[in-house]
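Okay, structure first, notes after.
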Amino acid sequence: MKFPDINLNTLKNEGTESVTIKERRNFLKMGLAITGVYAGGKILSLSSTFGVAYASGSDFVEKYPYNPHYSMVIRQSLCIDCEKCVDACNKTNHVPEYGYRTRILTRKYQDQLDKKVEFIPVLCNHCNDAPCVRACPTRATYKDPVTGIVRMESKKCIGCKTCMLACPYDARYFSAERHAIDKCDFCWEERLSKGETQTGCSSACPTGARTFGNLTDPENIVFKLVHQLEESVWVLRPEDGTKPNIFYMKGNMVSVDNILKGQKFTYTDPAKKS
Amino acid sequence: MIGSMVNISKKWGFHGVDALKKSSPGYLMLMGSFALLALAGVAVGLHGMITGYHNVYGVSREVSWGILISAYVFCVVTSTGLCIISSIGHVFGGEAFMPIAKRAVFMSIIFMLGGFCIIFFDIENPFRMAIYNVFSPNLSSNMWWMGTLYGAYLVFMVIEYYFLLEQNHSLSRLMGFFGLVVGIAAHSNLGAVFGMLHGRPFWYGPYLPIYFIFSAAMSGGCAIMFVTTLAWKINPEIMNQRMERAMKAICQVTIFLISTIIFFTIWKIVTGMVSHDKSIVIMSMVTGDYAINFWCFEVFLGMVLPLYLLIRSRGNNFNMIMWATGLMMIGIFFMRYDIVVPGQMVSVYHSMGVEEAIELIKYTPSFHEIMAALFGLSVICFAYFAGEKMLNGHQLEKHEIVPEGGYICPGCGAIHFMEEGETEEEAMKRHHKIW
Ligand code: SF4
Ligand code: SF4
């Protein structure tokens with residue numbers, strides 16, 4: 001993943017004075033117009049009081065290409081690597097032991113004071129511009145026109161494995177049982193199509209690191225988490241231009257709680273001594 | 001029925017099974033061993049298909065294209081190359097290249113079929129391919145175009161070969177032209193199959209489609225010299241003055257093409273060094289796991305040694321040419337492998353610095369994969385040896401490419417034209433008279 005190498009802990013606050021209204025607008029627009037929000041990995045402090053900043057953007061909501069536009073926000077700091085999500089996924093979707101649809105990556109740090117390790121859950125990003133869909137010769141993998149879920153029509157898969165190499169997130173494997181590629185479908189087959197609202201992994205996660213929902217619904221948790229400015233939101237490998245629908249954020253408890261409760265809180269500029 | 005077959009075989013210079021019966025026991029044993037190897041390859045391949053490739057193949061989720069795709073690429077590159085080199089003669093009228101046409105087109109078809117044999121054991125559901133490539137095409141997929149264009153290419157080459165046998169030169173030329181256009185499209189598209197995977201920096205970009213075309217021409221020159229000099233060992237009669245001239249011309253072209261590929265390779269290495277993602281792969285080729293592949297096979301056997309030997313041979317030392325190009329074929333195989341496999345060794349999560357993706361991903365071909373690749377390669381060898389005998393060494397009939405009123409000069413190998421009332425001998429004297 002390439003995003004500017006900024007250590008969030010030592011980042012000096014630039015203050016709010018230097019940010020013009022236009023920049024703020026653009027930022028909001030970027031966040032709301034289309035998925036694939038890439039907040040640049042830095043915290044933009046745009047206003048001194050904060051809380052429901054996203055509300056002004058409701059004009060742009062209808063621009064999401066799908067409805068419901070399923071999406072997942074991963075609050076990275078909450079993941080404790082219990083792998084309950086992986087187990088739930090394997091069980092729900094009958095994943096054979098040689099394969100996986102989702103996994104947890106580990107990043108170790110040497111010289112950070114607060115953390116020595118970070119866990120990063122990864123799965124299919126259900127890219128809006130999916131390289132796998134472009135690469136597949138027989139349209140065996142396709143973008144669902146309603147939900148935006150990247151799904152498989154197994155009977156068409158010839159097993160050429162081009163999609164496995166095309167996917168920049170290593171989200172696919174060949175399943176001998178299905179005689180086709182298998183991949184995350186946001187549990188469409190096993191859960192969502194049967195009326196459930198959560199995926200196997202998100203409902204199994206004990207810490208709420210994985211939050212799943214509909215990005216077009218302003219009341220939905222994923223909407224709220226993506227449309228805020230307090231915490232930076234990013235996607236993996238933005239340089240590939242795949243427009244992913246899996247968003248990542250640190251998910252610091254306090255600020256996220258504030259966001260979810262719609263609470264206003266006061267911003268204090270550490271540079272100014274009160 | 002039988003009668004008409006005899007007629008056709010006479011017309012086509014087809015010596016049929018009789019020629020095989022007359023071959024030496026050693027020759028038959030050689031053919032037999034390739035047949036056995038091919039059968040063993042099929043058996044092992046089918047075993048893999050039944051037990052499930054994931055149990056017996058070395059490819060994995062991360063390295064999903066292994067030695068089979070490399071061998072497939074090797075075959076189709078050679079096939080396209082044979083088409084490109086032979087078209088200089090019989091499509092564009094380069095007279096010196098004409099004598100190789102029949103053998104080149106024949107081998108081009110055989111290499112393509114060999115490639116299809118190999119990919120049959122790589123694709124998990126080859127039978128679905130026939131159905132859904134037609135009924136559910138994805139026009140933005142390079143893989144779809146690859147299947148379609150190579151299919152069309154094969155059809156054109158077969159028709160062209162038919163017209164070559166029929167000695168219908170205007171139609172064989174037309175088909176040769178179509179075959180060349182489709183072949184180049186197919187082949188550069190094969191480069192794009194790799195070059196358009198933007199999550200794979202080692203492949204991504206316009207380099208591979210362009211490289212593939214030049215590299216194909218080089219392989220084609222190498223392959224045609226190898227099969228011709230080998231045919232000369234089998235049957236010295238095939239080497240006449242025109243063929244010698246053809247070999248000399250191809251030798252020169254191949255020397256030029258090897259130099260081009262050396263140039264390509266140097267710049268691939270140099271530019272790759274400055275990009276972080278690519279340099280991991282480049283360094284593993286220069287000093288790491290793939291160093292033997294790269295230096296010994298790709299560079300030494302595939303480029304440096306043949307370049308030296310071909311220059312030394314002056315295009316007329318056929319023994320030397322045979323060794324140079326034979327070893328070069330092995331080098332070229334590794335060249336293909338060095339594109340396909342190392343391109344996958346860096347995990348897509350490597351740049352995130354996660355523990356799981358720090359190590360480079362390893363791949364070792366398994367027994368099943370090697371045998372399945374050998375299946376296709378043995379089919380090619382078998383067909384080659386059978387073809388040399390049964391098709392009478394692909395020999396040209398005199399009138400086959402010589403325009404009316406012309407003849408091949410036994411002295412210089414060029415085409416001379418007779419004036420009215422002249423005999424061939426008189427014409428030759430006229431052409432070569434010394435004042
Ligand atoms: S993450 Fe991979 S499998 Fe999922 S949509 Fe994107 S390219 Fe396709
Ligand atoms: S392996 Fe299947 S899904 Fe993937 S590109 Fe090939 S045909 Fe399409």
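To find a chain, count down the sequence lines: A is the first, B the second, and so on, and within it residues start at 1.
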- request: Search all heavy atoms of Lys155(A) against all heavy atoms of Arg128(B) and return the closest pair with its distance.
  value: O-CD, 3.0 Å

message: Tell me the closest heavy-atom pair linking Ser60(B) and Met164(A), and the distance in Å.
response: O-CE, 4.1 Å

Taking the side chain as C-beta and beyond, is there a heavy-atom pair between [X] and [Y] under 4.5 Å?
X	Y	value
Thr106(A)	Glu356(B)	yes
Arg237(A)	Met352(B)	no
Cys160(A)	Glu124(B)	no
Ile123(B)	Lys161(A)	no
Thr162(A)	Trp65(B)	yes

message: If I take atom OG from residue Ser140(B) and atom CZ from residue Arg139(A), how far apart are they, to the nearest 0.5 angstrom?
response: 9.0 Å

- prompt: What distance do Cys132(A) atom SG and Leu197(B) atom CG have between them, rounded to the nearest 0.5 Å?
  reply: 11.5 Å

Is [X] in contact with chain B via its backbone, its side chain, both, or neither, using a 4.5 Å heavy-atom distance?
X	result
Arg172(A)	backbone
Ile104(A)	backbone
Val133(A)	backbone
Phe119(A)	neither
Tyr169(A)	both

Can you tell me which portion of [X] sits under 4.5 Å from chain A's heavy atoms? Options are side chain, backbone, both or neither.
X	result
His198(B)	both
Met196(B)	both
Ser347(B)	neither
Trp145(B)	neither
Gln344(B)	side chain

task: Carefully, step by step, assess Tyr349(B) and Leu236(A) under the rule side chain to side chain contact (heavy atoms under 4.5 Å, CB included).
output: CA-CA 9 Å; Tyr349(B) 290 118; Leu236(A) 301 185; 4.0 Å; yes

Using a 3.5 Å distance criterion without hydrogens, assess whether the side chain of [X] forms a donor-acceptor pair with backbone atoms of [Y].
X	Y	answer
Asn125(B)	Cys157(A)	yes
Arg107(A)	Gly353(B)	no
Arg134(A)	Ser141(B)	no
Arg61(B)	Gly99(A)	no

query: Among Phe194(B), Tyr53(B), Trp144(B), Phe135(B), who wins on heavy-atom pairs under 4.5 Å with chain A?
result: Trp144(B)

message: Can you tell me which of Pro137(B), Gly343(B), Gly199(B) forms the most heavy-atom pairs within a distance under 4.5 Å of chain A?
response: Pro137(B)

Please check if atom [atom1] in [X] has more than 12 non-hydrogen atoms from other residues, nucleotides or ligands closer than 6.0 Å.
X	atom1	answer
Tyr142(A)	OH	yes
Leu113(A)	CG	no
Lys116(A)	NZ	yes
Lys115(A)	NZ	yes
Lys84(A)	NZ	no

message: Which residue is it: Asn133(B), Val134(B), Asn138(B)? I am looking for the one with a side chain to side chain contact (heavy atoms under 4.5 Å, CB included) to Thr138(A).
response: Asn133(B)

